[in-house]
Amino acid sequence: MSSNGSTQAPLGPVMLDVAGASLSADDIRRIQHPLTGGVILFTRNYQDRAQLTALTAAIHAARPGILIAVDHEGGRVQRFRTDGFTRLPAMRVLGQEWDRDVLAATKAATAVGFVLASELRACGVDLSFTPVLDLDFGGSSVIGERAFHRDPRVVALLAKSLNHGLALAGMANCGKHFPGHGYVQGDSHVSLPVDERSLAQIMEEDIKPYDWLGMSLAAVMPAHVIYSKVDQHSAGFSKKWLTILRQDIGFNGVIFSDDLSMEAAASAGGVLDGAKAALAAGCDVVLICNSPDKADQLLAGLNIAGDDAAASRARLTALLPQTAALEWDALQADARYLAARSLLQSLL
């Protein structure tokens, strides 16, 4: 059963997007395809809370039990910002708070997670792709303030507190971008960054938060970065990296590919080749965004079967919320929410 009580078909390995503020016939067709398992929303899918809630209800009606996700971290990566949504601080703000007062910072991180998840769930969104576990080396154009801190210990503990807040609101989490996107300067949306550090260096620092978070980490998204001393393939297409994640670190949750339409994914060939490479490397779910024609190509060309596919479906289903969400009006009267939101105001 899905969280809305309807019988659900098994979830497939493709997460795609929808065109606008309401569903078109083509959107519904793609959502109902057996290979589809999730929908990712963007700013273009948001006008106000009523519209967003209607959109997520329509998606869940078209495919009961499907996972609806969004990149909603805080700071400059927050898709919904108006009509009552709380402005969330960038993760670097929490790291700076840590440097002043460790316990206040962990308390604030829990509040961020709780407010973030409560507001999204009140509007029918199941998952945010957060927290960012990249280290703040200071030179990355695409990560920057999205990272908590330079110290992997601080990153792990603030992320654990944020994940606790998400969990209190009934939401899972997704650490990104494995094994670490904070060192390279390039933006994988428009180029393919190359990190030339050794495996030992990356294991000693960047990977530590994934290891230390352990079973509290529900999902992981690999980076579209090539670590040239380790493998010729970027992490999301690298069996070596995803084997390190599964076997060396012992991660048992969902592995999402980053967006296959990004420039950095082009190294794997066309979108179908990229999806096959990502799944063969160990990803459970492949994302295809901003390219409906490529989504159709993917749904038509992928052939998924076998034990690996069944295990991936089970992992993905486990990310669905297991509790009912408070509706927006009820949330505004909820004591925990009000206290958490008040705490965030002092950070901004």
* To do: With R30 as reference, evaluate D296, T36, D17 under the side chain to side chain donor-acceptor pair (under 3.5 Å) test and give the passing residue.
  => D296
* Just checking, is any N or O donor in the side chain of S140 or R146 under 3.5 Å from an acceptor N or O on the other one? -> no
* Asked: Does a salt bridge link K240 with D231, judged by any charged N lying under 4.0 Å from a carboxylate O?
  -> no
* Side-chain heavy-atom pair H33, V14 within 4.5 angstrom cut-off -> no
* **Neighbour count above 12 (heavy atom, 6.0 Å) for E204 CD** => no
* Find out whether E119 and Y337 are in side-chain contact, i.e. whether some heavy atom of one side chain is under 4.5 Å from a heavy atom of the other. => yes
* Check whether the side chains of S216 and N163 place a donor and an acceptor atom closer than 3.5 Å, and report yes or no. => no
* Does I66 reach the side chain of H60, with side-chain heavy atoms less than 4.5 Å apart? -> yes
* Measure the shortest side-chain to side-chain distance between M91 and L158 over non-hydrogen atoms and say whether it is less than 4.5 angstrom. => no
* To do: For the pair E205 (side chain) and Q201 (backbone), establish whether a donor and an acceptor sit closer than 3.5 Å, ignoring hydrogens and angles.
  => no
* Structure fact -> Which of H181, R197, H177 passes side chain to side chain donor-acceptor pair (under 3.5 Å) with D206? Answer is R197
* Is there side-chain contact between L213 and L133, with at least one heavy-atom pair below 4.5 Å? -> yes
* Structure fact -> With sequence neighbours left out, the residues meeting ring pair (Phe, Tyr, Trp, His ring centres under 6.0 Å) with Y227 are W241
* To do: State yes or no: are the ring centers of F251 and Y210 separated by less than 6.0 Å?
  => no
* K276 pairs by side-chain contact (heavy atoms from CB on, under 4.5 Å) with which of L302, V286, L298, V271? -> L302
* Mind telling me whether H224 and F237 have parallel, tilted or perpendicular rings, with 30° and 60° as the class edges? => parallel
* Compare every heavy atom of V93 with every heavy atom of L347, then report the nearest pair and how far apart it is. => O-CG1, 4.0 Å
* Heavy atoms, side chains only, cut-off 4.5 Å: are F178 and D258 in contact? -> no
* **Distance-minimising heavy-atom pair for R246 and G282** => NH2-O, 4.3 Å
* Structure fact -> Across all chains, not counting sequence neighbours, the ring pair (Phe, Tyr, Trp, His ring centres under 6.0 Å) partners of W328 are F85
* **Heavy atoms of other groups near Y46 OH, more than 12 under 6.0 Å** => yes
* Asked: Is atom CZ of R29 surrounded by more than 12 heavy atoms (other residues, nucleotides or ligands) closer than 6.0 Å?
  -> yes
* What heavy-atom pair brings R79 and D71 nearest, and what distance separates the two atoms? -> CG-O, 2.9 Å
* Asked: Considering only heavy atoms from C-beta outward, does the side chain of I31 approach that of V18 to under 4.5 Å?
  -> yes
* Asked: So, do H164 and F114 have ring centers that fall under 6.0 Å from each other?
  -> no
* Asked: Do C283 and S257 have side-chain heavy atoms sitting under 4.5 Å apart?
  -> yes
* Whether over 12 other heavy atoms sit under 6.0 Å from R44 CZ -> yes
* Structure fact -> Tightest non-hydrogen contact, residues L120 and S128, listed as CD1-CB, 3.8 Å
